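Written below as C-alpha cells is the structure these notes are about.
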Amino acid sequence: MRMLSKLAMACWGAVAMLAFSGASFAEAGGVTVNVTNGKNIYENGKPGVNGQPDVPACAVCHGDKAMGNDGMGAPRLANIGYVYIVKQLTNFAEDKRMDVTMMQMNGIAKSLTEQDRRDLAAYENSFPHQTELSDLKQLKADGTKVGEIYKGEKLVQYGEEGRISACVTCHGYNGRGADPVYPKIGEQKYVYLVNQLTHWRDASRTNDPMGQMRAIAKNLTDDDIQNVAAYLSQAPDSSAGDGMQIGNQTVLKNIKVVK
C-alpha cells in the first residue's frame with residue numbers, strides 16, 4: 001500500500017508539474033530579473049504602485065538574511081525556490097492566498113509590480129547556503145508547544161500507511177525542495193510550519209496545487225503537526241554521504257539575471 005501511495009503521489013506530482021510548467025518555463029523564456037532592485041526592496045522597501053500603500057522592508061519581518069523569525073511567525077525565504085516565491089507573492093496580490101498571521105502580505109504584494117515580485121524572488125534565492133534553525137528549547141521555555149523530533153522524522157520520511165503520505169515524496173530528502181513545484185520546507189521556521197499545516201487543515205489556506213496539501217493535512221492531528229514541524233525545522237538538507245546541496249533554482253538559472 002505504501003508503494004502504491006508513493007506511486008500515486010509521484011503521478012500526482014507529475015500532473016502538478018505539468019500544471020505549473022506553463023508559468024515556470026514561460027519565466028525561463030526571455031524574462032529578466034534585477035537582483036539589485038530585489039535587494040533594494042528587501043532591505044529598504046519602496047513606494048506603493050497604483051495608489052497602494054508603501055512597501056516596508058522585507059527584512060523587518062524576515063530578517064537580514066531572509067532566514068525567518070519564529071517570534072513573528074515569519075517564514076524563511078532564502079533559497080526555498082524562485083518559482084514558489086513568485087507564485088506566493090502573486091497569489092497574495094490576487095487574494096488567492098490570505099495572510100492570516102500578520103495580515104500584511106496581501107497589501108504588500110498589491111503594492112509590488114509583477115517585475116518587483118520576480119526581482120524579490122530572485123534576490124531571496126541568491127543568498128549563500130546557510131543555516132539558522134529555530135531554537136526549539138527557547139520556544140518551549142517561552143510556552144510554545146513543541147513536538148517530538150523522532151516522531152516527526154517517522155512521518156516526514158515514511159508517512160503512515162493509509163493516513164499520511166511521506167513529506168519526502170514531494171519535497172525531497174528532508175524537505176530540501178523539489179524545484180520548481182515543491183518548495184524547500186526543511187530548515188523552515190517551526191512556528192511558520194505549524195501555522196501553515198494548520199491552515200491547510202482548516203482550509204484557511206487554499207492555494208496549493210490541486211489541493212495536495214489540504215488532502216494531506218486533513219488527516220493530521222495537532223500532535224502530528226507539531227512533530228512534523230519539529231523535525232523539519234531542524235532537518236539538514238544533505239547527509240554526510242550525500243553532500244548534495246539543492247539550490248532550488250531550476251527556472252532561475254535559465255533567466256537573464258541583472259545585478
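Treat the numbers as computed from the prediction; the structure is a model and nothing was measured. Positions are given from 1 along the sequence.
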(request) Show your reasoning for whether side-chain contact (heavy atoms from CB on, under 4.5 Å) applies to L252 and V33. (result) CA-CA 9 Å; L252 183 58; V33 293; 4.2 Å; yes
(request) Could you go through the side-chain contact (heavy atoms from CB on, under 4.5 Å) check for Y42 and H62 one step at a time? (result) CA-CA 9 Å; Y42 189 88; H62 296 278; 3.3 Å; yes
(request) Any chance you could lay out the side chain to side chain donor-acceptor pair (under 3.5 Å) test for N79 and Q130, step after step, and finish with the verdict? (result) CA-CA 9 Å; N79 307 113; Q130 55 190 325; over 6 Å; no
(request) Check the pair Y123, E43 against side-chain contact (heavy atoms from CB on, under 4.5 Å), reporting the backbone distance first and the verdict last. (result) CA-CA 11 Å; Y123 175 65; E43 294 181 346; 3.6 Å; yes
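Inter-residue side-chain proximity for N174 and P236 is flagged as met; some heavy-atom pair is nearer than 4.5 Å.
At distances below 3.5 Å, at least one donor-acceptor pair connects side-chain atoms of D99 with backbone N or O atoms of Q104. Although no hydrogens or angles enter the test, the distance criterion places a donor-acceptor pair under 3.5 Å between the side chain of D208 and the main chain of M213. A side-chain donor-acceptor contact under 3.5 Å links K189 to the backbone of M67.
Of the inter-residue distances, the one linking Y158 atom OH with T169 atom OG1 reads 12.0 Å to the nearest 0.5 angstrom. Between the CD1 atom in I108 and the CG atom in D116 there is a gap of 12.5 Å [rounded to 0.5 Å]. Taking CD1 of I85 as the start and CG of L120 as the end, the distance is 8.5 Å to the nearest 0.5 Å.
The shortest heavy-atom contact between V55 and S111 is CG2-CB, 3.4 Å. Minimum heavy-atom separation, Q212 to C170: NE2-SG, 4.2 Å. Here the shortest heavy-atom pairing between F127 and A66 reads CE1-CB, 3.9 Å. Residues L139 and S134 approach most closely at CD1-CB, 4.5 Å, considering heavy atoms.
Salt bridge annotation for D119-K46: absent, with no cationic side-chain nitrogen under 4.0 angstrom from a carboxylate oxygen. Comment: E160 engages R163 in a salt bridge, judged by a side-chain N to carboxylate O separation of less than 4.0 angstrom. A salt bridge links D95 with K110: at least one charged nitrogen is closer than 4.0 Å to a carboxylate oxygen.
When each of Q188, R201, R205 is tested with Q196 by the rule side-chain contact (heavy atoms from CB on, under 4.5 Å), just one qualifies, namely R205. Just one residue in the list V228, V156, T221, L220 forms a side-chain contact (heavy atoms from CB on, under 4.5 Å) with I164, and that residue is L220.
Using modelled atom types, one finds no donor on one side chain facing an acceptor on the other under 3.5 Å when comparing T144 with D142. A donor-acceptor pair shorter than 3.5 Å cannot be found between the side chains of N195 and T198.
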